[in-house]
Amino acid sequence: MEYNFKDIEQKWQDNWREQQTYKVSVDTSKPKFYVLDMFPYPSGAGLHVGHPLGYIASDIYSRYKRLKGFNVLHPMGYDAYGLPAEQYAIQTGQHPAITTEKNIARYREQLDKIGFSFDWHREVRTCDPKYYKWTQWAFIQMFNHWFNKDVQKAEPISQLVATFEKEGNQHINASCSEAEVFTAEEWKAMSEKEQQSILLNYRIAYLADTMVNWCPKLGTVLANDEVKDGLSVRGGCPVEQKNMRQWSLRVSAYAQRLLDGFDNLEWSDSLKDIQRNWIGRSQGADITFDVKDSDVQLTVFTTRPDTIHGVSFMVLAPESEYTKQLSTPEQEKEIATYLEYVAKRTERERQSEVKVVTGVFSGSYAINPFTNEAIPVWISEYVLSGYGTGAIMAVPAHDSRDYAFARKFELPIIPVIDNGQAIDLSESSYDAKDGKMINSGIINDMSVKEAIQFIAEEVDKRGIGSSKINYRLRDAIFSRQRYWGEPFPVYYKDELPYMLDESKLPLELPEIDKYLPTETGEPPLGRAKNWQTEDGFSLEFNTMPGFAGSSAYYLRYMDPHNENELVSKEANDYWENVDLYLGGAEHATGHLIYSRFWNMFLYDLGIVCQEEPFKKLINQGMIQGRSNFVYRIVGSNTYVSLGLKDQHETTEIHVDVNIVHNDVLDTEAFRTWMPEYANAEFILEDGKYTCGWAVEKMSKSMFNVVNPDNIIEQYGADTLRLYEMFLGPLEAHKPWDTQGIEGVCKFLRKFWRLFMNGETFSVSDDEPTKEELKVLHKTVKKIEYDIENFSFNTSIPAFMICTNELSTLKCNKRAILEPIVIALASYAPHIAEEIWSLLGHKTSVTMASFPQWEEKYLVEDNFEYPISFNGKVRFKLSMPLTATNAEIEKAVKASPDMERWLDGKDIRKMIIVPKKIVNVVV
RNA sequence: GCUCAGAUGGCGGAAUUGGUAGACGCGCUGGACUCAAACUCCAGUGUCCUCAACAGACGUGCGGGUUCGAUUCCCGCUCUGAGUACCA
């Protein structure tokens with residue numbers, strides 16, 4: 001009976017579906033374990049061989065945890081809202097729901113073939129009204145809460161209103177857009193419109209005029225993480241800065257908690273680093289400068305208050321309020337010209353031309369509170385309006401950007417730090433944070449550290465500033481001028497936003513006739529008929545961004561069919577949060593921040609019991625393509641084999657990897673591949689055409705896409721699973737090379753043969769030998785260690801070695817083979833199920849327990865002690881492992897090999913380490 | 001520029017973390033089986049010393065160091081990849 005993977009895999013996939021083998025429910029008698037994959041966006045191209053890598057790893061871990069007695073939640077779903085479906089709709093008029101549905105069906109079909117143990121009863125789709133009801137619901141909660149900095153927590157807006165009515169806002173310490181101080185009386189005297197406008201500044205989901213990334217080509221605004229190098233991440237379209245009225249989420253309020261949370265997370269340091277940099281905490285001080293002949297006070301943020309005596313000018317961001325306040329009439333014209341220039345510059349230009357120094361003098365002078373000197377105030381685009389106060393004190397001697405500016409506009413450069421060596425300021429600034437203060441009045445001779453401390457305290461004492469922490473993290477812009485996304489549960493009355501009643505949820509996405517933004521520049525929902533509330537108020541035209549639906553989906557899996565709550569308390573108390581989360585590192589600054597924020601917010605409300613959503617995170621690497629090339633001799637239709645190409649002038653041409661085997665081109669297939677190659681001629685070596693190759697991104701244009709369906713057709717799902725793991729460490733990027741798959745396929749056939757006596761399945765019930773037990777226990781120990789440490793790649797060799805050894809021992813004993821089948825079941829579930837059932841078991845191997853290994857079977861009676869001289873192994877000596885150090889030493893000295901290796905030298909020392917290596921030092 | 005990760009045969013990679021470097025697989029070479037092919041099996045395969053050795057030397061990007069012993073730890077470089085970027 002040959003190993004017929006096709007029948008076996010079909011049979012067990014059907015069986016799992018019929019028996020609902022992987023359906024889970026709350027079971028308090030068992031410990032829970034929640035394994036989650038980042039759910040995919042179902043694109044039209046389907047899965048390539050790189051996509052399932054993480055799913056296979058998480059599936060192995062899930063299956064292993066089940067065998068270890070855990071109740072495992074392992075769900076899957078679809079992040080179904082997104083741009084590609086909508087772009088396709090704009091081009092073809094096809095409703096995005098239809099293409100999305102089609103793509104999901106295709107994804108599901110491909111996923112099923114790989115044999116995952118997902119509980120599909122819990123599937124979620126972000127575009128399903130039953131699902132996005134809870135996305136809208138969460139938004140309403142964010143609208144109805146504000147962030148109290150004193151307790152670092154979200155609190156109901158109703159409480160805030162109560163405080164306003166009692167004592168105004170003077171004692172409120174909130175994360176807030178703008179706050180003018182008012183009393184209780186003033187509050188009560190305000191109209192509803194005025195009150196609502198003020199409350200908008202406090203809400204966690206708020207509507208405000210903000211500088212946004214506007215992408216004209218996509219016709220929508222984008223969040224910071226959706227923009228890279230001034231281009232949109234999706235589509236690479238130019239992005240510009242624009243002031244627009246948009247919904248935002250007050251993510252920045254949670255900056256400190258997002259940082260503190262890392263302490264209890266098992267995430268890779270590099271990923272934590274990426275998030276830390278993105279949050280960008282910096283500790284410094286606000287310092288207020290008086291302005292000469294003006295009432296305006298100029299506040300700057302600095303991390304280097306120690307350098308205050310070196311300030312030789314101030315710089316304002318062009319968009320800053322200060323720019324209007326501090327521009328003098330004499331400079332008006334010049335400033336206007338400059339502001340015009342800045343406004344015209346795209347974000348991309350600004351970023352790519354960082355070295356170009358521009359600026360204009362405002363006409364005003366600030367007074368340095370420590371030297372009382374008047375220092376000129378400039379305006380320049382190198383200062384950002386969105387960070388700190390939008391104004392800086394410039395210390396050209398010790399900041400390279402200020403230095404460049406001072407050089408260009410010939411402003412004084414005053415050194416205030418001396419590092420013991422002569423600091424040369426003729427070419428560059430000295431930015432380091434060590435040395436002694438000079439030219440700095442009262443703080444002369446202090447160290448930088450002391451000076452920072454002293455000035456900060458002094459500023460505080462004089463009431464001209466205070467120490468402050470700034471974060472780079474911005475609030476998340478939450479509006480998108482697109483169709484295919486969640487509608488906001490928002491209507492407008494008197495130009496102010498109000499939330500729909502929760503009983504009206506979900507507010508379903510309306511049908512429209514065209515998916516392009518309207519000619520008037522309004523979002524597509526502007527076309528929807530009757531897009532208003534029952535009492536005639538207009539509904540919001542924008543839709544929510546991609547990250548809205550993906551921010552809390554892990555909670556919905558816990559209780560996916562609950563129509564009354566996002567997640568029931570019972571389900572949440574049991575499943576708590578995700579124990580293991582697998583996905584790409586590209587979500588570090590997007591989804592993984594938003595999800596943490598969203599979850600913390602729900603935690604503040606008491607909806608969820610854990611503050612952090614994902615306890616352990618693993619970022620699987622990308623599988624790259626391995627492209628093949630042919631070499632066309634320039635000006636001909638002749639192609640030369642790799643080894644001979646240097647003899648000709650050639651052009652490198654990508655060739656479909658599917659017509660290349662072991663880097664040898666199928667020349668006939670090449671001729672029929674594309675019409676232009678029909679008459680191709682070849683210069684062969686050894687009768688073969690050898691192709692060149694390179695590792696590149698897997699993509700259609702490189703003709704290097706490998707489809708998992710083809711691999712499964714040819715080798716089976718178990719082989720695909722094993723091979724994907726075998727390729728290399730889970731977290732590493734690695735190229736796909738189909739050549740190597742033969743090895744693991746061969747292993748499965750060999751493993752199968754262990755159970756076969758000719759054509760019949762047979763195992764013996766004989767007692768295993770010591771040797772066989774050793775193979776078993778060694779293998780089980782290794783597999784357990786590997787899975788616990790996520791080094792799945794090294795498990796495959798362990799299985800191969802085990803199989804080879806048992807094959808050599810001609811071992812077909814049940815006592816040995818049965819536990820190994822269980823250990824293999826996580827990796828290759830189909831073949832394991834088949835053998836398990838042939839072994840006479842009536843229930844799934846999923847119900848089995850992971851085998852226990854014992855150290856006693858692993859120790860040998862006699863051990864070949866490697867004897868090394870100065871660290872180099874020279875010979876081996878067989879002795880019992882139980883020998884004492886004294887016995888070993890005696891035996892080594894008595895060994896006949898010693899004399900030769902000592903070569904007349906004396907033994908200075910003999911080191912016998914617990915790992916049983918003897919090192920003789922001569 | 002800053003931060004992080006990495007560099008091991010022809011290729012992918014192993015070495016459970018300071019203890020026999022190159023496991024395992026691919027590829028390659030030779031052999032067995034076969035009329036032949038496929039399948040399967042066996043042997044060899046880091047480099048160098050004119051062949052072989054169960055003889056030796058050298059070998060984990062480069063240069064130093066610590067150690068009885070370093071792919072592993074420390075210092076200084078080079079290169080590659082990723083993140084981020086006028087964040088004051």
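Atom set for the values below is all heavy atoms of this structure, side chains included, hydrogens, waters and symmetry mates excluded. Naming convention: chains lettered A, B, ... in sequence-line order (proteins, then strands); numbering from 1 in each chain.
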Separation of atom CZ in F863(A) from atom P in G19(B), rounded to whole Å | 14 Å

Hey, does the side chain of Y382(A) come within less than 4.0 Å of A88(B)'s phosphate (OP1/OP2), counting only N and O?
-> no

Return the nearest nucleotide to the side chain of W901(A); candidates are G56(B), U20(B), C26(B).
-> G56(B)

Would you mind reading off the distance between H661(A) atom NE2 and G27(B) atom P, rounded to a whole angstrom?
-> 14 Å

Under-3.5 Å donor-acceptor pair between D273(A) side chain and C4(B) base | no

Gap in Å between the two C1' atoms, one belonging to U67(B) and one to G9(B), rounded = 28 Å

Gap between atoms OH and C1', on Y785(A) and A14(B) respectively (whole Å) = 13 Å

Any idea which of A15(B), G19(B), G25(B) is nearest the F726(A) side chain?
-> G25(B)

How would you label the glycosidic angle of G9(B): syn (within 90° of 0) or anti?
-> syn

Candidate nucleotides C4(B), U40(B), C24(B), ranked by approach to the side chain of R749(A) - the nearest = U40(B)

Any side-chain donor-acceptor pair under 3.5 Å between N213(A) and N224(A)?
-> yes

Among the candidates G25(B), U84(B), C26(B), find the nucleotide nearest to the side-chain atoms of W278(A).
-> U84(B)

Closest of C24(B), G13(B), U84(B) to the M800(A) side chain is C24(B)

Nearest to the side chain of Q739(A) - G13(B), C26(B), C41(B)?
-> C26(B)

Minimum-distance nucleotide (side-chain atoms of I917(A) versus A55(B), G19(B), A85(B)) | G19(B)

Base-pairing assignment for U29(B) (Watson-Crick or G-U wobble, both under 3.5 Å) | A43(B)

Rounded to the nearest Å, what distance is computed from the OH atom of residue Y403(A) to the C1' atom of nucleotide G1(B)?
-> 17 Å

Can you figure out which of A15(B), U40(B), G19(B) approaches the side chain of K746(A) most closely?
-> U40(B)

Expressed in angstrom and rounded to an integer, what is the separation of F301(A) atom CZ from C86(B) atom P?
-> 17 Å

In Watson-Crick or G-U wobble terms, with both distances under 3.5 Å, the base opposite C48(B) is G56(B)

Distance in angstrom units between I455(A) CD1 and A88(B) P, rounded = 19 Å

Going by modelled atom types, is there a donor-acceptor pair between the base of U20(B) and the side chain of K876(A) at under 3.5 Å?
-> yes

Value in whole Å for how far the C1' atom of G81(B) lies from CD1 of I274(A) | 12 Å

Run the salt-bridge test on K778(A) and E805(A) with the 4.0 Å N-O cut-off and return the result as yes or no.
-> yes

Describe the nucleic acid contact of N919(A) in one word from base, sugar-phosphate, nothing, applying a heavy-atom distance below 4.0 Å.
-> base

Counting heavy atoms from C-beta on, name the nucleotide in A88(B), G13(B), G56(B) closest to the side chain of V383(A).
-> A88(B)

salt_bridge(E742(A), K746(A)) N-O dist < 4.0 Å = no

Using atom types as modelled and distance alone, determine if a side-chain donor or acceptor of H398(A) lies under 3.5 Å from a backbone N or O of Y430(A).
-> yes

When you check the gap from the basic side-chain N to the acidic O, do D663(A) and R626(A) get nearer than 4.0 Å?
-> yes

No-hydrogen, no-angle side-chain donor-acceptor test under 3.5 Å, Y338(A) and T358(A) = yes

Separation of atom CD1 in I907(A) from atom C1' in C68(B), rounded to whole Å = 13 Å

Would you indicate which nucleotide in C68(B), C41(B), C24(B) comes nearest to any side-chain atom of R753(A)?
-> C41(B)

Partner nucleotide of A82(B) by Watson-Crick or wobble geometry (both distances under 3.5 Å) = U3(B)

Using a strict cut-off of less than 4.0 Å between a Lys/Arg side-chain nitrogen and an Asp/Glu carboxylate oxygen, indicate whether D273(A) and R276(A) qualify as a salt bridge.
-> yes

